[in-house]
Each structure stands twice: as structure tokens, then as C-alpha cells.
Amino acid sequence: MFLRQPGMDKPHSAYRGSVRPFVNFNAKQDAEVLRRAIRGIGRWVQLVLHASCDARCTSVAGTDEDAVLMLLSARSNRQRQEIKAEFKKAYGKDLVSALKSELGGLFENLIVALMTPPSSYDASQLHKALKGAGTEDDVLIEILASRTGEQIKEIVKVYKKELNGKLEKDICGDTSGHYQRLLVILLQGSREVGVEEEKIEEDAKELYAAGEGKFGTDEEKFITILGNRSAEHLAKVFDAYKELSGSDIEDSIEGETTGNLENLLLAVVKCARSVPQFFAEGLYKSMRRAGTDDDTLMRIMVSRSEVDMLDIRASFKRTYGASLYNTIQEDTAGDYQKALLYLCGGND
């Protein structure tokens with residue numbers, strides 16, 4: 001009823017996500033499957049609390065939680081929103097609240113993330129990064145450096161509507177200096193379009209003159225060029241820069257800047273070169289340091305599952321010599337692990 005269609009995980013030239021819209025989709029039927037699964041989880045919890053738990057109890061719990069994760073990971077986000085609406089219509093309850101009442105821990109967080117529209121999810125992640133204790137700059141950098149102009153504009157709208165705040169104002173309240181300036185430029189979502197051939201050489205020379213070619217650093221020049229040119233244009237500028245200086249633009253940024261500005265500039269450069277490679281690096285760092293950075297791991301797996309997960313997997317394998325699937329297996333456990341592996345979409 002809710003298993004993947006044959007061939008769902010095969011790459012398609014026009015679609016690079018690991019999660020696709022389910023072909024024989026029936027929101028009403030899926031809502032009923034989830035209702036039964038949620039009730040099953042609830043019954044198992046009561047058994048654990050009020051009776052001895054044998055192998056049969058464990059089997060019931062696994063089956064019902066498997067039903068939730070298998071169904072939701074095999075539906076697109078748009079389809080999940082339809083299921084949520086149908087669930088409310090049929091049973092008078094909010095599906096996300098019902099799931100949260102029966103699940104727990106990282107698995108609950110992941111399922112809630114899957115049930116959230118992409119722009120709302122990004123907005124909530126940014127809000128959490130800005131409103132928590134201290135500022136989670138890695139989250140600001142990851143989202144604002146990697147999203148398209150249209151996605152960023154939608155995030156700004158949703159942030160205002162759902163979180164009753166102005167994203168630019170909140171960012172300016174939590175950041176400062178050149179770092180803040182570049183964040184605000186990215187927040188406009190108005191990069192130039194296409195490649196301006198006559199500006200490639202000029203931009204490369206200006207970047208060189210602003211960094212390696214002078215005493216001190218003209219951060220404004222880096223911010224203006226990297227914050228406004230199209231990714232396609234920047235890729236050509238980086239090639240011209242290497243011919244001119246003999247080194248990569250990343251080397252200049254690392255030598256001329258520090259802290260959050262350095263990290264943001266490097267993220268912009270990496271995304272201009274290859275967004276999938278940027279996220280492959282993010283996933284590797286989230287799992288190959290002391291302890292797993294589950295927030296980053298979850299955020300990337302959820303937000304890229306319908307965008308470019310197949311390309312991220314390929315970049316991961318090419319760069320690190322191991323499959324993303326196996327790396328997730330080694331670093332996670334339980335239903336949380338199962339759900340992440342479904343989002344990964346297969347082993348390489």
C-alpha cells in the first residue's frame with residue numbers, strides 16, 4: 001500500500017531527488033494507514049507501561065513505526081501536506097500533533113521535519129538559529145548560501161507570516177560587520193542572471209587586487225562580487241582567478257579573512273562550484289567528528305531529499321571513498337537510522 005514503486009530509486013535525468021511523488025497516491029488511504037499506525041504505537045506504549053514486554057510487543061512497535069517512516073519517506077512533501085489535510089478532515093485531529101504524541105527523540109524530530117513544507121522548515125531553522133541561546137551561524141550560512149533566489153524570497157515571506165518576525169531585522173540584530181552585510185545581500189535573493197563574458201576577467205582582477213594583490217583586504221569587493229554575480233558567472237571568474245594568481249579563490253579567502261565572514265564566503269564559493277559537493281562535505285562533517293551533529297545531518301537529508309540527493313550521494317562517494325548510505329548506518333541507530341536511509345534512497 002505504501003511501499004516504493006519499482007524503479008523509484010533509479011536516477012532520472014530531469015529529477016535528482018531520492019524522494020519522488022508517489023505514483024498511485026491516495027491521501028485518504030494514506031491517512032487511514034497512519035491513523036492505524038499511530039493507534040498501534042499508542043497501544044504498544046501502554047503495554048510497556050502496564051505489563052511485561054515480550055518479543056511480540058517489540059514486534060508490534062517496530063511494525064507500526066515502520067509503517068509511519070516507510071509511508072512518509074515514500075511521499076513527496078506536497079503529498080504529505082495533502083495527507084495532513086485529509087487526516088484533519090477525516091479524524092478531526094492534527095496529524096503532526098498526533099505523531100508527536102506517540103513518537104520521541106530524533107525519530108520524532110525527523111518525522112516532524114518531513115511533515116513541514118520546505119519554506120516553513122527553512123524559516124523555522126533560521127528562527128531557531130537566531131532566537132536560541134547564541135547564534136547558530138552555521139545554519140544561517142548553510143541556508144542562505146545554498147538556496148535559490150526564489151526559495152530565499154519565499155522563506156522571508158513565510159518567516160514573517162508564520163513566525164511574526166522580519167528575517168532581515170532578526171539577522172541584523174544578531175550579526176555585525178562585513179558578515180552581516182553579506183548575509184543581508186544574500187537575503188535579497190536577487191543574484192544576477194547568466195554570464196557576462198566581458199566582466200569575467202575584470203572580476204577576477206578585482207578580487208585579486210582586493211586580497212592577495214594588496215596589503216590588507218578590501219572585504220567590500222569580495223562581498224559585492226560573490227554576493228551578487230550568478231553561480232555560472234562566478235565559476236568562470238574562479239577559473240580566471242586561478243590563471244591570474246596561480247591559486248584557488250578559496251586560498252585567498254582563507255588567507256585574507258577570518259571567522260564567520262570567511263566561512264560564509266567559502267560557502268558561497270563552494271555552492272557556486274557545486275551545491276551537491278557543498279552538502280556532501282556538510283554531511284561528512286556532521287558524522288565524522290566526535291559525536292554526530294544530528295541537527296545538521298537531519299536538516300540536509302530532509303531539505304535535499306527532493307532536490308539533489310542523488311548528486312550529493314555521488315559527490316560523497318567520489319570525495320570520501322565511502323557511500324553516504326553506509327556512513328549513515330555506522331553513525332546512527334533505530335527508527336531514526338531507518339528513516340535517514342529511506343531518504344538517502346539507496347547504497348552506492
Side-chain angles (χ1 to χ4, degrees), residues 126 129-130 134-149 151-153 155-156 166-275 277-279 281-282 285:
L126 290 169
L130 291 163
T135 305
E136 296 178 56
D137 293 288
D138 288 350
V139 178
L140 304 185
I141 291 169
E142 176 195 305
I143 293 176
L144 294 183
S146 66
R147 303 306 191 254
T148 66
Q151 287 172 333
I152 289 175
K153 288 175 182 176
I155 291 167
V156 170
K166 293 184 178 179
L167 184 50
E168 182 174 330
K169 180 181 177 182
D170 288 348
I171 284 176
C172 288
D174 262 41
T175 60
S176 61
H178 293 105
Y179 172 57
Q180 177 194 94
R181 177 164 159 71
L182 182 51
L183 285 172
V184 171
I185 289 174
L186 296 176
L187 199 58
Q188 308 314 302
S190 54
R191 281 192 179 278
E192 297 164 4
V193 178
V195 177
E196 294 187 61
E197 296 292 341
E198 67 279 4
K199 280 189 177 180
I200 293 171
E201 195 73 26
E202 178 186 339
D203 283 348
K205 288 178 178 177
E206 289 195 359
L207 287 171
Y208 180 75
E212 292 184 76
K214 67 173 292 185
F215 181 76
T217 308
D218 182 357
E219 290 92 351
E220 287 292 331
K221 188 60 65 177
F222 277 87
I223 289 168
T224 300
I225 293 175
L226 296 181
N228 289 293
R229 304 289 192 264
S230 71
E232 299 85 357
H233 181 90
L234 287 175
K236 291 181 177 291
V237 171
F238 301 155
D239 290 340
Y241 185 93
K242 181 149 191 181
E243 284 188 26
L244 175 68
S245 68
S247 59
D248 289 322
I249 187 69
E250 290 93 333
D251 296 328
S252 176
I253 291 170
E254 289 171 353
E256 300 291 333
T257 61
T258 59
N260 288 325
L261 176 61
E262 176 187 344
N263 294 335
L264 180 54
L265 286 168
L266 287 173
V268 170
V269 169
K270 289 175 181 178
C271 287
R273 290 191 186 278
S274 170
V275 171
Q277 179 65 27
F278 172 72
F279 282 114
E281 290 179 20
K285 289 176 182 176

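Note that the numbering runs from 1 along the sequence shown for the chain. What you see is a predicted model; the values in this text were computed from it and never measured.
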Enquirer: Please report the C-alpha distance between Phe278 and Glu142 in whole Å, then the side-chain angles of each, then the deciding distance to 0.1 Å, and finally whether the side-chain contact (heavy atoms from CB on, under 4.5 Å) criterion is met.
Expert: CA-CA 9 Å; Phe278 172 72; Glu142 176 195 305; 4.3 Å; yes
Enquirer: So do Asn260 and Thr175 actually touch side chain to side chain, heavy atoms under 4.5 Å?
Expert: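 No, too far: nothing below the 4.5 Å cut-off.
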Enquirer: Looking at Ala240 and Ala204, what are the two nearest heavy atoms and their distance?
Expert: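 Looking at all heavy atoms of both residues, the shortest contact is CB-CB, 3.8 Å.
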Enquirer: What distance separates Lys169 NZ from Asp174 CG, expressed to the nearest 0.5 Å?
Expert: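 Spacing of NZ (Lys169) from CG (Asp174) equals 12.5 Å.
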Enquirer: Rounded to the nearest 0.5 Å, what separation is found between the CD1 atom of Ile155 and the CG atom of Leu144?
Expert: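 The CG atom of Leu144 is 7.0 Å from CD1 of Ile155, to the nearest 0.5 Å.
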Enquirer: Distance from Ile249 atom CD1 to Ile225 atom CD1, nearest 0.5 Å?
Expert: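 Ile249 atom CD1 to Ile225 atom CD1 measures 8.5 Å (nearest 0.5 Å).
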Enquirer: Got Arg191 and Leu234 here, is their nearest side-chain heavy-atom distance under 4.5 Å?
Expert: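 Counting from C-beta outward, Arg191 and Leu234 do come under 4.5 Å.
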Enquirer: Would you compute the distance between atom CD of Glu206 and atom CG of Asp218 and round it to the nearest 0.5 angstrom?
Expert: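 Reported value, rounded in 0.5 Å steps: 9.0 Å.
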Enquirer: Measure the NE2-CD distance between His178 and Glu220 for me, rounded to the nearest 0.5 Å.
Expert: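 Rounded to the nearest 0.5 Å, the NE2-CD separation comes out at 4.5 Å.
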Enquirer: Mark yes when over 12 heavy atoms from residues, nucleotides or ligands other than Lys205 sit less than 6.0 Å from its NZ; otherwise mark no.
Expert: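 It does not: Lys205 NZ has 12 such atoms or fewer within range.
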Enquirer: Tell me whether the count of non-hydrogen atoms from other residues, nucleotides or ligands lying under 6.0 Å of CD in Glu198 goes above 12.
Expert: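 Enclosed: over 12 neighbouring heavy atoms sit under 6.0 Å from CD of Glu198.
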Enquirer: Applying the side chain to side chain contact (heavy atoms under 4.5 Å, CB included) criterion to Ile253, which one of Leu266, Leu207, Asn263, Leu264 satisfies it?
Expert: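 Only one of Leu266, Leu207, Asn263, Leu264 forms a side chain to side chain contact (heavy atoms under 4.5 Å, CB included) with Ile253, namely Leu266.
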Enquirer: If we ignore hydrogens and angles and just use 3.5 Å, is the side chain of Ser245 paired with the main-chain N or O of Ser247 as donor and acceptor?
Expert: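 Yes.
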Enquirer: With the side chain counted from C-beta on, respond yes when Leu183 and Leu187 share a heavy-atom pair under 4.5 Å apart, and no when they do not.
Expert: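 With C-beta onward as the side chain, the pair stays apart.
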Enquirer: Please step through side-chain contact (heavy atoms from CB on, under 4.5 Å) for the pair Asp248 and Arg273, ending with a clear verdict.
Expert: CA-CA 12 Å; Asp248 289 322; Arg273 290 191 186 278; 4.2 Å; yes
Enquirer: Which heavy atom in Gly194 sits nearest to a heavy atom in Ser230, and how many Å separate them?
Expert: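 So the minimum-distance heavy-atom pair works out to O-OG, 2.6 Å.
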Enquirer: When you compare the side chain of Phe222 with that of Val269, does any pair of heavy atoms fall below 4.5 Å?
Expert: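 A side-chain contact is absent here, since even the closest heavy-atom pair is not under 4.5 Å.
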Enquirer: Report yes if the side chains of Lys242 and Asp239 come closer than 4.5 Å at any heavy-atom pair, otherwise no.
Expert: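 SC-SC contact between Lys242 and Asp239 ruled out.
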Enquirer: Taking atom CD1 of Ile152 and atom OG of Ser146, what is their separation to the nearest 0.5 Å?
Expert: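 Those atoms lie 8.0 Å apart.
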Enquirer: Locate the shortest heavy-atom distance separating Val184 from Cys172; write the atom from each residue and the value.
Expert: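 Minimum heavy-atom separation between Val184 and Cys172: CG2-SG, 3.8 Å.
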Enquirer: In the structure I gave you, are the side-chain heavy atoms of Thr224 and Arg181 within less than 4.5 Å of one another anywhere?
Expert: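 Yes; the side chains approach each other to less than 4.5 Å.
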Enquirer: With a 4.5 Å limit on heavy-atom distance, are the side chains of Leu140 and Asp137 in contact?
Expert: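 Leu140 vs Asp137: side chains touch.
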Enquirer: Tell me, with the steps shown, if His233 and Lys199 meet side-chain contact (heavy atoms from CB on, under 4.5 Å).
Expert: CA-CA 9 Å; His233 181 90; Lys199 280 189 177 180; 3.8 Å; yes
Enquirer: Can you name the closest pair of heavy atoms from Ala145 and Ala267 and give their distance?
Expert: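 Taking Ala145 first and Ala267 second, the nearest heavy atoms are CB-CB, 3.8 Å.
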Enquirer: Can you name the nearest heavy-atom pair linking Ala210 to Lys221, along with the distance?
Expert: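 Scanning both residues completely, I find the closest heavy atoms to be CB-CB, 3.7 Å.
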Enquirer: Could you tell me whether the side chain of Thr217 and the main chain of Glu256 form a donor-acceptor pair under 3.5 Å?
Expert: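 Present.
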Enquirer: With the side chain counted from C-beta on, respond yes when Lys166 and Val156 share a heavy-atom pair under 4.5 Å apart, and no when they do not.
Expert: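 No; the side chains remain at least 4.5 Å from each other.
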Enquirer: I'd like to know if Glu196 and Arg229 make a salt bridge, using a cut-off of under 4.0 Å between side-chain N and carboxylate O.
Expert: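 Not counted as a salt bridge, because no side-chain N and carboxylate O are separated by less than 4.0 Å.
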